[in-house]
Structures are given as structure tokens and as C-alpha cells.
Amino acid sequence: MSSSNVRVRFAPSPTGALHIGGVRTALYNYLYARKMGGKMLLRIEDTDQTRFVPGAEEYIKKSLNWIGITIDEGPDNPGDCGPYRQSERKPMYREYAQRLIDEGNAYYAFDTEDELNAMRDRLKAAKVASPQYNAITRATMKNSLTLPEDEVKARLAAGDPYVIRLKVPRKEEVRLNDLVRGWVMVHSSAIDDKVLMKSDGMPTYHLANVVDDHLMRITHVIRGEEWLPSAPLHVLLYKFLGWESTMPQFAHLPLLLKPDGEGKLSKRDADLQGFPVFPLEWKDPASGDISKGFREEGYLSEALLNFLAFLGWNPGNNEEIFSMDQLIEAFSIERIGKSGTKFDIAKAKWYNQHYLRLKPTSDLVAYLEADLKKNGVTTKIDLARIVDLLKERIVFPADLYTECQFFFGRPTVYDQKVIETKWTSEAVTVIEAFAAALAALPATPDGPAAKALFQQVLDDKQVKMGKVMQALRVALTGNGAGPDLMEIISILGKDEAVGRLQQAVSVLQVS
RNA sequence: GGUCCGUUCGUCUAGGGGUUAGGACGCGUCCCUUUCACGGACGAAACACGGGUUCGAUUCCCGUACGGACUACCA
């Protein structure tokens, strides 16, 4: 694919763990960049010093890396638009804020928090629909538009705290053509005089975002729908800064909703439903609380990737198994949906099961080995045989360990229901004979050989297989269900199998 | 409250002026099978409502309802 001038960015705030919705946003940006042969940027939006969380930036990078998203330009691999952390770009914002002031599109405001609250209360009391700092109310407030020029100068010189606000025009239609939603029109009276520079000298999201997107030559802003209401404000900023002709195109993504009921997916809902919202485990540095991630819960990155890509997008045909490369090939902004998407963890599990079965046995052996080690289980059994036996029936790698418990110890309890119905004298007769036949063998048989031997015993005793199989299974594993029994016998080894059969016969009462 | 956005099976969605409204997950039944799972087959299951426009609307338009986002010196 030929390279293009397409440049997109993922611009998270390092305020904690990266939410799964953020991962999807990053993914769509990435898919578009790769599809178009463009560039994917990572920009850290750390302008809120009060919410900065140490370790969050690192966590974001690790998460993107896990899911397979690579960054072309970012804090760790800067291009020619650095720095890529907003806190390191402070002077730039200052410069453009000043320009806005100089050209009459922004102004200083000195109002205290109390004064702002008083204004809002007053408007509320007067039954004003939306109390805001705007073209009308700004005339009643303490700002460089209402205060005498020398007082403004004096306040600035004295270091009085102030913010810089955008001077939003009173009557103006602001339009934008969203790639997902089409034309969106907002009247400027619905936009308030947003703070551009905070009193701590940091820019707010709106200013920093527009300035950076321009300076970083971003061509497409792909972000969550929660930004749609403020998009007209951003359009206004591009206009005031004279950047209209190179303004990026916008694509506002549908939100990820909670699985039941309505509303944005939150950590709380996910906890309630028993699934993670973070890609990787996250330890809150302040509280020390640990939240499990999809990775730790056993989700494979390729499964989560495939699942996430389909939350709000589809290729337009009936195919739904896609690798990253296939997603890149198939992706288009036009096929992104408009409506919010409920997070259906059952589908994620289905993807997981699918991808797990595609894993090479050796990978799964490694999982199982680790789990065994963690639980202090040692065994001489060839784990690859267990994995091959169990592979088709698990959803998570950890299921391997839980499903194969019976290999590592004789049953201490037997499935009561099966005993009641299947542990007949006939079954016992067959099992005893089978145990004897097994014991007489020179070596452990493989699965088919064990089956042939068992069939021989059945023929001898004139019993049908279905009548005793369940009993045999319980005797061997304690369970009423599980993978191929003859293969289990083969893996267990003939001595162990015989031992288990004898134990069951002596312990269990015929009912 | 205001502004904006949205609404096809339970869920993710395809489709689009005339279709038996398609697929997937989940669910159910059956088949396969030594059980369970896998696999296979089949099945139940949807165009929010009301008005237009039209020969015809699930599809286009307008309302209503419902849902969501936003409404901070947070992003």
C-alpha cells in the first residue's frame, strides 16, 4: 500500500488504567492508519495535574502493545511534531491563546469559583434553561471585556489568578460533517465561553487538542461519541486560529454500553457481571486496589482484538473471524455504526474459545505447566497428551488446569448421581474383569488398544458398552462427564488405572 | 431542564421503497458419541409507536416515546 498523508492519533489521559472503550478507540484509529498507509500517533493528554496517576502512561503503552497496536510517533519514538506529552508543550498553547486574545476571540476572566457559582445560581433561579458563561452573561462578570483596561493590566501584573475564555459568538450556526453521523449543526448560543487556559497555566482539553492536532498535522480525529457535543467548539477554534482549510475530519464512535440496562460501560457494571474492563491488570497506586485485566482472566489478545473490532463496526458480509491484518484490509470508517453497543461478554468468550483452539499445543502446555507449578503439582505425565485431550472443550487457558485435576490424584468423592443410577452389579462385574485384563497387559495400551480390550471384556460378559461406561468413568475420575475415557486410561498408565478401578470397587456400594 | 446523538431478533449486526427481513453469539430440539464438550442439522426470536409521501414503507420525511452523551479552571 502506498503511503499517504493520513495521520491519526490516540490521545488518552494518564488518569488511571486504560478502559476497554479506549482500547477500541485506539484500535479504530490504528486500523484506519494502517489501511490508508498513514501514521498512528500517541499523544499523552496530561494537562490535568490533579488527576495525573503515575504509571498510567506506561500502562497505556503496554496495553496497546499487548493488543497489537504499534505507534509510529509518540513519547518513546518521537517524529517531527514533539513533544508528545501535552505537559511538555505548555509554551505552545500559551502562544495560541495569546493570539486568540490579540485578535479578539478570547479574553481574560478573573471570576472566582464563588462568583461563578453565584452567577449560575442566579440564572437557575431566573429559570434560565442552561446557565452558562456566554455572550450574554459575560457582560456581568469580571473579565477583560467588562473591566477597565488598566485594571486588567494591573491584575495581570499583580499575578491575580485568571483564566482565558473563548469568546463564542452570540449567533452563529456551527456545522461539521462527521464521518459517522453526517452533518451535525449546533447554534453557537448553545456553546458557552469555554475556558481555554486554566489558572494554573495549563490549557484545557479543547485548546490543547486543537492546537496539537493542527501542529501534528492530524487528518482524522477518531474518538468517542462523548466528544460530539464539544466538536462544534473545536470547529470554532480551528476557524479563529485560521486553520479551517486543514481542519481534520471527525469521526465520533458509538459508545460502549453496559450489558444490561442502559448507560456507558463502567468498571462497576463489569465487576457486577464478573468481567474486566481493563486490558491488563491494574494496581491503583493510591488505594493499592488491584483490578484484573482481560489478559489475566485468560482472554487471548487476538480474541479480544477481534471482539472489540466488531463492537460498532462490521465488514458488511457474514464473516467474523478476523486477524489484525484482515481487519486492516477490511476496515473502513463508513462501516462504523451509529448506535451504542452493549458489551456482550458471551461473545467475547466465544471468540476466546475459537482462538484458543487454534493455539499450538506447545503454547497451551506452557499455560498448564505454569498453573501446575503455581499449585505445587508435579507429574510425570506428558502434558501435551492432556492438552490435546482437553483443547476442544475449554474457553480459557486456566480451564486446562481445572479440567485435568483427576489426572493428579485418585478420586476422593464420586459423582453421587451417577453412582445411584449406574453403579450396578453388572457394571462392577465388568469393571473387575477389565481391571484384571488391564493388569495382565505387559504395558500400558494406547487409547484404541484400551478400547479394544474393554470391548473384549464386554463381549465376554455380554454387556453393552453404554450400560457400564458411566460407571467406569466415575470409577476412574470421580466425574460423570469428561473427555475420552480410553485415552485417559492410556495417559494414566495401566497400573494407576487398575488401582483406581480396584479402589472404586472396594469403596462404592452397589445400589 | 437545555443542546446534540441514536432506535432491525435477548445481544452484536446485514439489508434496504416490493425480501420467506440474512448471519453470528446465546437459548432450545435432534444427530454424532462411552458421557460431557466439539462438530452437524433444525427451531424459537426483530424492523419502538403515530402520522405523512407513495400503487406500496421496516427502508424516505415529520412528530412521539424510549435510550444515551454532553451541560467543570476533567478529559
Pairing residues for A/Y108 by the ring pair (Phe, Tyr, Trp, His ring centres under 6.0 Å) criterion, not counting sequence neighbours: A/Y162
Neighbour count >12 (heavy atoms, 6.0 Å) for atom NZ, A/K167: no
Separation between the C1' atoms of B/rU54 and B/rC60, rounded to whole Å: 10 Å
Contact letters for nucleotides 19-32 of chain B, in which S counts primed atoms plus P, OP1 and OP2 and B counts the base, heavy atoms under 4.0 Å: ---BSBS-------
Results of side chain to side chain donor-acceptor pair (under 3.5 Å) for A/N314 - residues two or more places apart only: A/R335
Separation of the P atoms in B/rG26 and B/rC38, to the nearest angstrom: 8 Å
Set of side-chain contact (heavy atoms from CB on, under 4.5 Å) partners for A/P445, sequence neighbours left out: A/L438, A/L441, A/A449, A/A450, A/K494
B/rA57 to B/rC49 separation - C1' atoms, rounded to the nearest Å: 15 Å
Integer-rounded Å distance: B/rU35 P and A/E403 CD: 17 Å
Partner nucleotide, any strand, of B/rG10 [Watson-Crick/G-U, under 3.5 Å]: B/rC25
Evaluation steps, ring-ring contact (aromatic ring centres under 6.0 Å, His included), between A/Y299 and A/F307: CA-CA 11 Å; A/Y299 289 88; A/F307 170 66; 8.2 Å; no
side-chain contact (heavy atoms from CB on, under 4.5 Å) partners for A/A433, two or more places apart: A/V457, A/K461
Short side-chain N/O contact from A/R357 to OP1 or OP2 of B/rG39, under 4.0 Å: yes
Sugar-phosphate, base or nothing in reach of A/R223, heavy atoms under 4.0 Å: nothing
Touch class at under 4.0 angstrom, heavy-atom based, for A/T50 against every strand present: nothing
Touch class at under 4.0 angstrom, heavy-atom based, for A/M185 against every strand present: sugar-phosphate
Selected nucleotide, minimal atom distance to A/K451 side chain, candidates B/rC38, B/rU34, B/rA75: B/rU34
Pair A/D46, A/S13: side-chain N/O donor-acceptor within cut-off below 3.5 Å: no
ring-ring contact (aromatic ring centres under 6.0 Å, His included) partners of residues 172-194 of chain A, not counting sequence neighbours, each pair once: none
Interface with RNA chain B, restricted to residues 11-26 of chain A and to heavy atoms under 4.0 Å: A/S13
Distance between P atoms of B/rC30 and B/rC70 (Å, rounded): 48 Å
A/T341 side-chain N/O to B/rU13 phosphate OP1/OP2 under 4.0 Å: yes
Inter- and intrachain pairs under salt bridge (Lys or Arg N to Asp or Glu O under 4.0 Å), touching residues 475-492 of chain A, at least two apart: A/R385-A/E487
A/D415 CG to B/rU35 C1', straight-line distance once rounded to whole Å: 11 Å
Nearest-nucleotide comparison on RNA chain B, the residue closer to the 5′ end among A/G480 and A/A129: A/A129
Residues forming a side-chain contact (heavy atoms from CB on, under 4.5 Å) with A/N317, sequence neighbours excluded: A/P315, A/E319
Proximal nucleotide (of B/rC5, B/rA75, B/rU11) relative to the A/K342 side chain: B/rU11
Face-on cation placement of A/R43 at A/Y84 ring, 6.0 Å and 45° thresholds: no
Nucleotides 58-73 of chain B: protein proximity per nucleotide (B base, S sugar-phosphate only, - neither; heavy atom, under 4.0 Å): ---------SSSS--B
Sugar-phosphate, base or nothing in reach of A/F310, heavy atoms under 4.0 Å: sugar-phosphate
Distance in angstrom units between A/L389 CG and B/rU34 C1', rounded: 13 Å
Separation between the C1' atoms of B/rU29 and B/rG68, rounded to whole Å: 39 Å
side-chain contact (heavy atoms from CB on, under 4.5 Å) partners of A/S230, counting only residues at least two apart: A/H206, A/W227, A/H234
Of A/R181 and A/E392, the one whose closest RNA chain B nucleotide lies more 5': A/R181
Length of the CG-P vector between A/N314 and B/rU13, whole Å: 8 Å
A/R473, nearest nucleotide to its side chain (from B/rC74, B/rU3, B/rU35): B/rU35
Counter-base of B/rC60, judged by Watson-Crick or G-U geometry with both distances under 3.5 Å: B/rG52
Whole-angstrom distance between B/rC9 and B/rA48, as gauged at atom P: 7 Å
Nearest-angstrom distance from the residue atom CD of A/E487 to C1' of B/rU33: 16 Å
Cation-pi check, A/R24 onto A/Y28 ring (under 6.0 Å, within 45° of axis): yes
Sugar-phosphate, base or nothing in reach of A/G482, heavy atoms under 4.0 Å: base
Sugar-phosphate only, base, or nothing, as touched by A/G224 at under 4.0 Å among non-hydrogen atoms: nothing
P atoms of B/rC5 and B/rU19, separation to the nearest Å: 32 Å
C1'-based separation of B/rU20 from B/rU11 [nearest Å]: 24 Å
Residues forming a ring pair (Phe, Tyr, Trp, His ring centres under 6.0 Å) with A/F275, sequence neighbours excluded: A/F343
